[in-house]
Amino acid sequence: MSSIRAIRGMSDILPEESCYWQFLEAQVRALLASHGYAEVRLPLVELTALFRRSIGEVTDIVEKEMYTFEDRNGESLTLRPEGTAGCVRAVIQNGLLGTSQRLWYSGPMFRYERPQKGRQRQFHQIGVEAFGVATPDMDAELIAMSARLWQRLGLASHVRLELNSIGSSAARQAYREALVTYLDGHREALDADSQRRLESNPLRILDSKNPTTQEILAGAPALADFLDGESRADFERLTELLDAAGIPYVINPRLVRGLDYYNKTVFEWVTDSLGAQGTVCAGGRYDSLVEQLGGKPTPGIGFAMGVERLVLLLQAAGIAVQDAARAQVYAVCVGEAATSAAFASLARLRDALPDLHIVQHTGGGSFRSQMKRADRSGADYALIWGDDEVANGVVTLKALRGEGEQRQLPVTQLVDELAGLNRAS
RNA sequence: GUGGCCGUAGCUCACCUGGUAGAGCACCGGAUUGUGGCUCCGGAGGUAGCGGGUUCGAGCCCCGUCGGCCACCCCA
């Protein structure tokens, strides 16, 4: 084994996996297009300041997980750890905020974390963002669209929607103070991480996995009691719309998101089938982020899906996907004359039937070894060229699956013959 | 950043208390002078992650290091 390896947490996606990625991406593209969402392609690298200002200075992402480096001109750059910040930057910079916008993007994100199941250092997200609409019908649209995606992927029974409102920033501020006051009385009983977060990010204590901490939280003031009237009304309306659309949800009053820019609606789609990293899609509203990053005040809401996690879930759920590169026809050709004849005939065949998957054998070998390859390729048919076929201007067609004797046909009939087979299969 | 488990053939894994490597699958060839899938026969393939230590002798024990998996943390 060579000493040159892939970087830890940055894995290759091999053919066995890539067919799941293609399936997922195709479904997502079709769904987003059908709802009027347009794709944007964004840089992987942004100014470090963009992430510091949007994600939040005291978050783990900014404090210890970013891939930050100095450009040759001395500017501090960062490999994007998430997609929303760059998307917001792009809509501001390109003047897209005159009307409401429905956008999506996909690609790799980078966080320096310890790899585990469902967590890589280079991981992939598909993000969806909607700008310019403050009303909860937009929240409902995004959630309903994601629900429809699980339906289309065959994952609906494997995920559940958790929902919460974290209110306005003023409401959150008031709640934070009440929570800190309460928890301060139990400081000694809290786990070490929660004690630390008491100073840095008290709301995050709510979703601590520590049992003792959770017991203490049972008596804590509730975020819902601190919500401002508008947040309360919008959340109520959102649940009505979800009910109307027949989308089940559970309200999780402990659900808070890790990134600072969220307000009002936050939600997560979670699964129990993937171990510890069960969040497969998550998002929320961010009504002050655009202004915070220098754009004119514009509300926004969005979510991101973790592609690796969804692929794991597709596999865990036993969803069958077809291998896009599988051969339908494998061409066997033994000898130089046969290889030349095969090249000539296959060129015409590919012209006539561009969607037919044809693999021509390369590298020589006996009939026996080539037939073995044909079988292993998974192809439905073998096309066989040898000296006899060349001499007679014919080709042998043999079904590799199911019934049927092999037969010879004039090469001039090849296109018609396979056109029929292609439709049938 | 912390912890647990694990690194032996391309893959999945054996090798009882240390005596210097093996199976299945995959691959190549043959039985079948131009025909795959089943069967049989044969073959190739390994500096046991790497470095050090203990020992007459280490895949096995000890230390270090790198890597993988899972969990904490964090989050998609």
Side-chain angles (χ1 to χ4, degrees), chain A residues 1-3 5-9 11 14 16 55 59-66 80-84 106-128 146 159 191-194 196-197 201 204 207-210 255-259 267-271 274-284 302-313 330 332-335 338 361 363 365-391 396-402 405-406 408:
Chain A
M1 185 66 78
S2 163
S3 60
R5 304 157 276 113
I7 303 304
R8 178 193 255 257
S11 57
L14 303 177
E16 205 180 331
I55 296 168
T59 57
D60 280 19
I61 293 178
V62 168
E63 281 181 345
K64 50 195 186 195
E65 295 179 359
M66 296 204 301
R80 62 181 184 190
E82 61 101 41
T84 300
S106 73
M109 309 290 166
F110 302 86
R111 292 180 200 169
Y112 190 88
E113 296 186 279
R114 196 76 173 260
Q116 71 181 79
K117 189 181 179 72
R119 192 171 78 182
Q120 270 81 44
R121 287 182 177 180
Q122 175 178 330
F123 63 103
H124 298 75
Q125 288 187 339
I126 301 171
V128 182
S146 56
V159 293
D191 61 276
D193 284 318
S194 293
R196 181 172 49 76
R197 281 185 296 214
N201 201 348
R204 300 286 301 148
D207 58 6
S208 166
K209 287 179 186 171
N210 184 285
L255 179 62
V256 290
R257 307 278 311 133
L259 284 55
F267 65 95
E268 290 189 2
W269 288 95
V270 297
T271 178
L274 293 185
Q277 309 299 326
T279 303
V280 111
C281 171
F303 66 79
M305 298 174 262
V307 179
E308 281 84 356
R309 292 182 186 178
L310 284 170
V311 166
L312 284 172
L313 190 54
Y330 192 98
V332 164
C333 44
V334 180
H361 183 86
S366 63
F367 274 94
R368 175 186 152 76
S369 64
Q370 291 198 29
M371 284 305 295
K372 199 161 181 166
R373 296 285 185 160
D375 184 51
R376 293 281 158 80
S377 76
D380 302 305
Y381 297 94
L383 279 175
I384 303 168
W385 276 271
D387 292 340
D388 295 351
E389 283 83 355
V390 174
T396 299
L397 175 65
K398 173 169 182 162
L400 296 172
R401 324 281 152 205
E405 286 293 296
Q406 71 179 48
Q408 294 195 331

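Chain A is the first sequence line, chain B the second, and so forth, proteins listed ahead of strands; every chain is numbered from 1.
- Nearest nucleotide to the A:K372 side chain, out of B:G3, B:U35, B:G36: B:G36.
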Inset, instruction - Please test A:V280 against A:M305 for side chain to side chain contact (heavy atoms under 4.5 Å, CB included), starting from the C-alpha separation and ending with a verdict. - result: CA-CA 6 Å; A:V280 111; A:M305 298 174 262; over 6 Å; no
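- Of the candidates B:G37, B:A71, B:C73, the closest approach to any side-chain atom of A:R119 belongs to B:C73.
- No contact: A:E63 has no heavy atom under 4.0 Å from any strand.
- Note on A:R114: every side-chain N or O is 4.0 Å or more away from OP1 and OP2 of B:C72.
- In this model, the phosphate group of B:C73 is not approached by any side-chain N or O of A:R111 to a distance below 4.0 Å at OP1 or OP2.
- Residue A:F367 places its side chain closer to B:G34 than to any other of B:G36, B:G34, B:C28.
- Relative to the side chain of A:E389, the nucleotides B:A76, B:C66, B:G34 differ in distance, and B:G34 lies closest.
- Across all strands, A:V280 comes closer than 4.0 Å only to sugar-phosphate atoms, never to a base (heavy-atom distances).
- As the counterpart of B:G51, B:C63 is assigned, both hydrogen-bonding distances of the Watson-Crick or G-U wobble pattern falling under 3.5 Å.
- Taking 4.0 Å as the cut-off between side-chain N and carboxylate O, A:D380 and A:K398 do not count as a salt-bridged pair.
- By the 4.5 Å heavy-atom criterion applied to side chains, A:P81 and A:I55 are counted as neighbours.
- With a cut-off of 3.5 Å on both pairing distances, B:C15 has no Watson-Crick or G-U wobble partner at all.
- As judged by a 4.0 angstrom heavy-atom cut-off over every strand, A:E65 is placed among residues touching the sugar-phosphate backbone only.
- Listed nucleotides: B:A76, B:G36, B:A71. Nearest to the side chain of A:A276: B:A71.
- With no hydrogens or angles considered, a side-chain donor-acceptor pair links A:T279 and A:E268 at under 3.5 Å.
- Here the nucleotide nearest the side chain of A:T396, chosen from B:C69, B:A76, B:U35, is B:U35.
- Per the geometry, CD belonging to A:Q370 stands 10 Å off C1' belonging to B:G34, to the nearest Å.
- In this structure, A:Q116 reaches the B:A71 phosphate: one of its side-chain N or O atoms is under 4.0 Å from OP1 or OP2.
- Within 4.0 Å (heavy atoms only), A:K64 reaches no atom of the nucleic acid at all.
- For A:R368, whose side chain is taken as the heavy atoms from C-beta onward, the closest listed nucleotide among B:C69, B:G30, B:A76 is B:G30.
- Remark: the separation of the C1' atoms in B:A48 and B:A58 is 11 Å, to the nearest Å.
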